[in-house]
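The structure appears below as structure tokens.
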Amino acid sequence: LPQVAALKEEAIDFSSIHNYVSPAEMLSYFTTALSTNPLVTNKIAKRRFTFVGLMEAASEHTDPNTLKTRKQKKKFPTPYAVKISWEALVLRMVKYVKAHNYDHDETHLIRIFKVLIAHLVKARSREDGSIYEIDEIDDIIERAEKLKHIAHLQNTLDGQEVVEVVLTAIATHVAGIAGNCSDVATELLQELIRFGNTKVQNAALKYMKEIDKDGHVMDFMWVRLQGALDIVRDRMERSAIAFEPMSTFQRSEYGEATQTLELFSLLCEGHNFNMQEWLREQPLRA
């Protein structure tokens, strides 16, 4: 177009200026700041928790016996008197992930994993959507009850084969791509074993020993750590010449490495001796 050509002729090239930052890189800084802004992230999380809460209470909204008034029945119609429950929804999600794990389009798998993540994280969230640490609960009894409730949620999902499909997703999808299926599955695995859930830890160990006999899960972890090591070496060489801020890609690689190391820590939390010994020996790599 003539207008575009005219703009190109009038444009000034700033790329040769010292410390020049391209518009694309500036936009990445803006999106990073936006995605880490607590006011924004808490509002998004609150909406996600509200949505998941409706799914968790599906039986209350669809059971004809609980919808007593005409207004309630009109708001939550149940054609053919079909009652929907959270447990049934999870089983359908697991069945879908099993059937579509190898699809080229990972969008729906990612959505399912994010719903399950929200289901677990919601248990330790505030009304504004922010997340609190268990150590912030001063009352010992209340803290123990909260941990018991979270363990129940984790064990229930494990009983519905969520741990198996999550590890399969990690073992069969590419590592090092932020936001892809295996990346989100890793986050879900963290929530499933958070606070040292021995039952889920043992389920993960059984999968890696008996099903993942070629060691694809451990390969995935190794690729993530190796990517961060390469970034560290490159950054050390560059910093020796002159300081430069970390790029969005570098921050992403560091974040993946941190998450991977935290995952190893959670797998062994609570002094799970069998997991510690297996990770130490790594017989599949012997």
Side-chain angles (χ1 to χ4, degrees), residues 45 110 112-125 131-137 143-173 175-176 178-212 215-229 252-285:
I110 292 171
I112 288 172
F113 290 155
K114 285 186 175 181
V115 166
L116 297 176
I117 290 170
H119 168 65
L120 294 170
V121 176
K122 177 174 168 286
R124 60 179 200 278
S125 65
I131 311 301
Y132 62 83
E133 297 296 331
I134 295 297
D135 294 340
E136 296 179 33
I137 303 177
R143 188 190 309 165
E145 287 297 320
K146 177 61 69 175
L147 287 171
K148 183 178 179 181
H149 172 62
I150 292 173
H152 171 71
L153 298 178
Q154 295 169 332
N155 292 336
T156 301
L157 291 181
D158 176 39
Q160 295 171 303
E161 301 183 40
V162 172
V163 175
E164 180 180 335
V165 297
V166 165
L167 287 167
T168 301
I170 292 173
T172 56
H173 288 79
N180 75 336
C181 182
S182 57
D183 193 43
V184 181
T186 303
E187 185 179 350
L188 176 53
L189 181 59
Q190 280 184 296
E191 294 303 327
L192 285 165
I193 58 177
R194 194 171 294 281
F195 308 118
N197 188 315
T198 305
K199 184 176 183 295
V200 180
Q201 288 173 340
N202 291 337
L205 179 59
K206 182 178 180 181
Y207 179 92
M208 290 188 286
K209 289 173 66 175
E210 299 180 7
I211 299 177
D212 184 29
H216 294 304
V217 172
M218 293 303 296
D219 287 342
F220 172 86
M221 304 298 179
W222 171 249
V223 169
R224 280 178 139 226
L225 292 175
Q226 187 61 48
L229 285 173
S252 175
E253 290 293 313
Y254 270 83
E256 285 195 355
T258 303
Q259 185 188 47
T260 304
L261 292 173
E262 183 184 356
L263 182 59
F264 281 128
S265 175
L266 290 171
L267 284 168
C268 299
E269 190 170 340
H271 304 290
N272 190 320
F273 180 77
N274 292 331
M275 179 66 81
Q276 292 172 339
E277 284 295 288
W278 190 82
L279 289 176
R280 181 181 65 80
E281 294 178 0
Q282 293 191 43
L284 298 177
R285 293 182 177 275

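- From Phe195, atom CZ reaches atom NZ of Lys146 across 10.0 Å, with rounding to the nearest 0.5 Å.
- Looking only at side-chain heavy atoms (C-beta outward), Leu120 and Leu157 come within less than 4.5 Å of each other.
- Salt bridge Lys206/Glu164: absent, no basic N to carboxylate O contact under 4.0 Å.
- Counting heavy atoms from C-beta on, the side chains of Val163 and Tyr207 never come closer than 4.5 Å.
- Glu262 and Gln190 share a donor-acceptor pair across their side chains, judged by distance under 3.5 Å alone.
- Put simply, the side chain of His216 does not reach to within 4.5 Å of the side chain of Thr172, judged on heavy atoms.
- At a threshold of 4.0 Å, the pair Arg194-Glu191 counts as salt-bridged, since one of the basic side-chain nitrogens sits closer than that to a carboxylate oxygen.
- In this structure, the side chains of Asn197 and Leu192 stay at 4.5 Å or more apart for every pair of heavy atoms.
- The shortest distance between side-chain heavy atoms of Gln282 and Trp222 does not fall below 4.5 Å.
- The environment of Lys114 atom NZ is sparse: at most 12 non-hydrogen atoms of other residues, nucleotides or ligands sit within 6.0 angstrom.
- A distance of 10.5 Å separates SG of Cys268 from CG of Asn274, quoted to the nearest 0.5 Å.
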side-chain contact (heavy atoms from CB on, under 4.5 Å) assessment of Leu266 paired with Glu269
CA-CA 5 Å; Leu266 290 171; Glu269 190 170 340; 3.1 Å; yes
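- The distance from the CD atom of Gln259 to the CG atom of Leu225 is 11.0 Å, given to the nearest 0.5 Å.
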For the pair Val162 and Thr156, evaluate side-chain contact (heavy atoms from CB on, under 4.5 Å) and give the outcome as yes or no after the intermediate values.
CA-CA 9 Å; Val162 172; Thr156 301; over 6 Å; no
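- Ion pair Glu136/Arg124 not flagged as a salt bridge, since none of the NZ, NE, NH1 or NH2 atoms sits closer than 4.0 Å to an Asp/Glu carboxylate oxygen.
- Using a 4.5 Å cut-off on side-chain heavy atoms (C-beta onward), Leu263 and Ile193 make contact.
- With a 4.5 Å cut-off on side-chain heavy atoms, Thr198 and Gln201 count as touching.
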Let's go through Glu256 and Asp183 carefully: what are the C-alpha distance in whole Å and the side-chain angles of both, what is the deciding distance for side-chain contact (heavy atoms from CB on, under 4.5 Å) to 0.1 Å, and is it a yes or a no?
CA-CA 8 Å; Glu256 285 195 355; Asp183 193 43; 3.9 Å; yes
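- You'll find the side chain of Asp212 stays beyond 4.5 Å of the side chain of Leu167, heavy atoms only.
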Dump the intermediate steps for salt bridge (Lys or Arg N to Asp or Glu O under 4.0 Å) on Glu277 and Arg280, then the final yes or no.
CA-CA 5 Å; Glu277 284 295 288; Arg280 181 181 65 80; 2.8 Å; yes
